[in-house]
Amino acid sequence: QVQLVESGGGLVQAGGSLRLSCAASLGTSSGLFGSYAVGWFRQAPGKEREFVAGISWSGGGTQYIDSVQGRFTISRENAKNTVYLQMNSLKPEDTAVYYCAAVTSYNDYADLDTLPYNYWGQGTQVTVSS
């Protein structure tokens, strides 16, 4: 079993920055955190959940949606069982609940936006004021 806990959300003015963290707790049969690809997703009120960014098991592969490319950076520290999402130049349209998700994957070249993520956190609210 893998439990994911997001943190770092909050209220920020447009143009500001936040760093989200996704901390994983793994059961004895869940393997190492380094065997999981991790994605960040978000859901704004009245909208469907969308993929934002993903990182492969080794960190060697990353993927972003166009609207955050160049502003957001995903990274991981496997020794700390943690994935980060650094969000800069935030815009009001980035306002949403942000979720991290994980799935076992040893493929650095996987399409991270379409992996069958099967572990999800509870989410953290990000609000960007104009």
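All heavy atoms count here, side chains included; hydrogens, waters and symmetry mates do not. Counting from 1, the numbers follow the sequence of the chain as shown.
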Engineer: Please list all pairs meeting disulfide (SG to SG under 2.5 Å) that have one or both residues in residues 27-94, counting only residues at least two apart or in different chains.
Structural biologist: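 Disulfide (SG to SG under 2.5 Å) check on residues 27-94 returns no pairs.
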
Engineer: Who passes ring pair (Phe, Tyr, Trp, His ring centres under 6.0 Å) against W57, sequence neighbours left out?
Structural biologist: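 W57 satisfies ring pair (Phe, Tyr, Trp, His ring centres under 6.0 Å) with Y106 only.
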
Engineer: Could you pull out all residues at least two apart from R19 that satisfy salt bridge (charged side-chain N to carboxylate O under 4.0 Å, His left out)?
Structural biologist: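 Applying salt bridge (charged side-chain N to carboxylate O under 4.0 Å, His left out) to R19 gives none.
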
Engineer: Quick one: are the ring centres of F41 and W120 less than 6.0 Å apart?
Structural biologist: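 So the answer is yes for these two rings.
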
Engineer: With sequence neighbours excluded, what pairs up with E50 under the side chain to side chain donor-acceptor pair (under 3.5 Å) test?
Structural biologist: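 Side chain to side chain donor-acceptor pair (under 3.5 Å) check on E50 returns R42.
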
Engineer: Distance from S17 atom OG to R71 atom CZ, nearest 0.5 Å?
Structural biologist: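 The OG atom of S17 sits 10.0 Å away from the CZ atom of R71.
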
Engineer: Provide the closest heavy-atom pair for Y117 versus L112 in the form atom of the first, atom of the second, distance.
Structural biologist: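 Scanning both residues, the minimum pair turns out to be OH-O, 2.6 Å.
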
Engineer: Using the salt bridge (charged side-chain N to carboxylate O under 4.0 Å, His left out) criterion, which residues pair with K91? Sequence neighbours excluded.
Structural biologist: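 So K91 forms no salt bridge (charged side-chain N to carboxylate O under 4.0 Å, His left out) with any residue.
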
Engineer: Check the surroundings of atom CD in Q3: do more than 12 heavy atoms from other residues, nucleotides or ligands lie under 6.0 Å from it?
Structural biologist: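 Not buried by this count: 12 neighbours or fewer within 6.0 Å.
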
Engineer: Specify the closest pair of heavy atoms between Y98 and M87, including all atoms of both residues, with the distance to one decimal.
Structural biologist: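 The answer is CE2-SD, 3.9 Å.
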
Engineer: Working to the nearest 0.5 angstrom, can you tell me the gap between Q63 CD and T114 OG1?
Structural biologist: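 Here the interatomic distance stands at 7.5 Å.
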
Engineer: Tell me whether Q43 at atom CD has more than 12 heavy atoms from other residues, nucleotides or ligands lying less than 6.0 Å away.
Structural biologist: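 Yes, because the 6.0 Å sphere around CD of Q43 holds more than 12 heavy atoms from other groups.
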
Engineer: Which distance, rounded to the nearest 0.5 Å, do you find between the OH of Y119 and the CD of Q1?
Structural biologist: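 Between atom OH of Y119 and atom CD of Q1 there are 5.5 Å.
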
Engineer: With hydrophobic residues grouped by side-chain heavy-atom distances under 4.5 Å, do Y84 and V68 end up in a single group?
Structural biologist: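 No, Y84 and V68 fall in different hydrophobic clusters.
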
Engineer: Hydrophobic clustering (ILVMFWY, side-chain heavy atoms < 4.5 Å, transitive) - are V52 and L4 grouped together?
Structural biologist: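 Yes.
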
Engineer: Has the side chain of R49 got a donor or acceptor atom that lies under 3.5 Å from a matching backbone atom of Y99?
Structural biologist: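 No; judged by distance alone, with no hydrogens or angles, the pair does not exist.
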
Engineer: Among residues two or more places apart or on two chains, list those pairs meeting disulfide (SG to SG under 2.5 Å) that have a residue in residues 15-100.
Structural biologist: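 Listed by first then second residue: C22-C100.
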
